[in-house]
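Comments concern the structure below.
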Amino acid sequence: MAVYLYNNEEIKKIAQSCQITANILDEIELIIDEGITTKDIDSEARKLCSKYGVKPAFLGYQGYPAAICTSINEVVVHGIPAKRKLLNGDIVGIDFGVYSEGYYGDSARTYIIGKVDDKIKQLVEVTKTSLYKGIKKAVAGNRISDISNEIEEYVKQFGFVPVRNFTGHGIGENLHEEPSVPNYGKPGKGPRIQDGMVFAIEPMINTGTYKVDVLADDWTAVTKDGGFSAHFEHTIAIIDGKAEILTKGKNFC
Ligand code: MF3
Ligand code: CO
């Protein structure tokens, strides 16, 4: 499968969806606190989508039942909002995307609730840094797995492990397109990076095993050993040979 190359006009429209995604995440961020349920956060996301006149990208996608994914502690990704309250000592990944005027945006951030162990704080920081390390490798001439390798090598130094079952992905006219962007692996493999590519890089990093189980709801992915997992995601476009981050927010840029 070929990787679609977007022209400047198309990238502008993708960038608009991405900016709205970031703006809504910025607003969601304001209510994330101890005591709030993940369902309340989902309601807020839905309200904000109406306010901005956009469609939540995940709602109904392959039957997904909510506007956001809320992944707490050992949940890696695709946690479904529920009555569970955020508690002191939790980490929560908020994954969100919009569909607007024919194009998608996608981004995720992990938040620390109250006080967590130093190791968990480090997991969150290292995961975020690994995203930016990966983005730096997203330059024309490199190959996709140069990003993957950079993320794995960086997190490994701290004893952390990238998830293998889920990857970053091309995005634009569809939420998920070619290329797949793994968070581990040898360098020098996969499509060559070039102008017009638009894709989401999304390291999901675990404290213990990389292995995951999917719960009976068919969505919630949890670490097999119960270790914590963190997740950050930006959508980027390759312009003039370099990565432009399209989902920059106030505190996530
Ligand atoms: N950012 C996630 C991904 O790219 C969110 C998808 S949730 C889903 O896989 F419900 F849309 F699948
Ligand atoms: Co994604």
Side-chain angles (χ1 to χ4, degrees), residues 3-4 6 14-15 17-22 24-25 28-29 38-39 41-42 45-46 49 54-72 75-82 91-100 103-111 127-128 130-132 134-135 138 144 147-148 151 162-184 197-206 210 212 214-222 229-237 243 245-249 252:
V3 175
Y4 185 79
Y6 289 96
I14 300 170
S17 293
C18 286
Q19 194 52 62
I20 297 168
T21 298
I24 292 179
L25 275 168
I28 289 172
E29 192 166 300
T38 51
K39 227 180 183 3
I41 306 170
D42 187 63
R46 292 179 197 230
C49 283
V54 297
K55 210 175 136 293
F58 305 164
L59 183 63
Y61 180 84
Q62 292 179 0
Y64 187 75
I68 56 171
C69 304
T70 50
S71 303
I72 299 174
V75 179
V76 176
V77 280
H78 302 164
I80 300 173
I91 61 172
V92 59
I94 305 289
D95 193 344
F96 174 71
V98 309
Y99 181 68
S100 170
Y103 296 92
Y104 285 91
D106 189 7
S107 185
R109 311 169 180 184
T110 295
Y111 298 97
T127 303
K128 189 175 181 184
S130 78
L131 168 61
Y132 292 102
I135 291 172
I144 287 292
I147 299 168
S148 316
I151 291 169
V163 169
R164 299 185 173 209
N165 288 45
F166 301 98
T167 66
H169 50 90
I171 178 170
E173 282 187 0
N174 306 284
L175 179 59
H176 294 139
E177 299 180 357
E178 294 291 311
S180 163
V181 187
N183 297 304
Y184 73 101
M197 281 189 180
V198 180
F199 53 90
I201 304 178
E202 50 178 316
M204 288 150 262
I205 308 296
N206 297 353
Y210 67 82
V212 305
V214 175
L215 300 186
D217 61 20
D218 280 341
W219 282 105
T220 313
V222 299
S229 187
H231 179 209
F232 286 89
E233 174 178 23
H234 269 314
T235 298
I236 65 163
I245 300 174
L246 303 182
T247 42
K248 276 187 185 172
F252 183 47

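Just so you know, ligand 1 is whichever comes first in the structure, and atom 1 is the first atom listed for that ligand.
- An N or O contact shorter than 3.5 Å is missing between H231 and ligand 1 by distance.
- A donor-acceptor pair under 3.5 Å links the side-chain atoms of S17 to the main chain of Y103, judged by distance alone.
- Of all atoms in ligand 1, listed by their number and element, those nearer than 4.0 Å to a heavy atom of H78 are 6 (C), 7 (S), 9 (O).
- Each of the atoms 11 (F) of ligand 1 lies under 4.0 Å from some heavy atom of L175.
- With a 4.0 Å heavy-atom cut-off, ligand 1 is reached by the side chain of C69 but not by its N, CA, C or O.
- With a cut-off of 2.8 Å, the protein N/O/S atoms near the Co ion (ligand 2) add up to 4.
- Side chain of S71 to backbone of G79: a donor-acceptor contact under 3.5 angstrom is found.
- Considering both main-chain and side-chain atoms, Y61 never comes within under 3.5 Å of ligand 1 through any nitrogen or oxygen pair.
- Atoms of ligand 1 lying under 4.0 Å from at least one heavy atom of E233, given by number and element, are 1 (N).
- When each of D95, T21, V98 is paired with D106, the side-chain contact (heavy atoms from CB on, under 4.5 Å) condition holds for D95 and for no other.
- Using modelled atom types and a 3.5 Å distance limit, the side chains of H234 and Y132 yield a donor-acceptor pair.
- Side-chain atoms of D217 come within 3.5 Å of backbone atoms of T220 as a donor-acceptor pair (strictly under, hydrogens ignored).
- Between H78 and F166, the distance separating the two ring centers is shorter than 6.0 angstrom.
- For the 3.5 Å distance criterion, the side chains of T167 and S180 qualify, holding a donor opposite an acceptor.
- Ranked by closest heavy atom to atom 12 (F) of ligand 1, the top entry among F58, Y64, W219 is W219.
- Against a heavy-atom cut-off of under 4.0 Å, H176 is close to the following atoms of ligand 1: 3 (C), 4 (O), 9 (O).
- Contact analysis puts E202 in contact with ligand 1, with a non-hydrogen atom separation below 4.0 angstrom.
- For the atom pair OG1 (T127) and CG (N183), the distance works out to 9.5 Å, reported to the nearest 0.5 Å.
- The main-chain N or O of L175 is found under 3.5 Å from a side-chain atom of H169 such that the two form a donor-acceptor pair.
- Remark: side-chain polar atoms of T247 are not paired, donor with acceptor, to backbone N or O of C18 under 3.5 angstrom.
- Judged purely by atom type and a 3.5 angstrom limit, S107 uses its side chain to pair as donor or acceptor with the backbone of E233.
- The protein atom (non-hydrogen) at minimum distance from atom 2 (C) of ligand 1 is D95 OD2, 3.0 Å.
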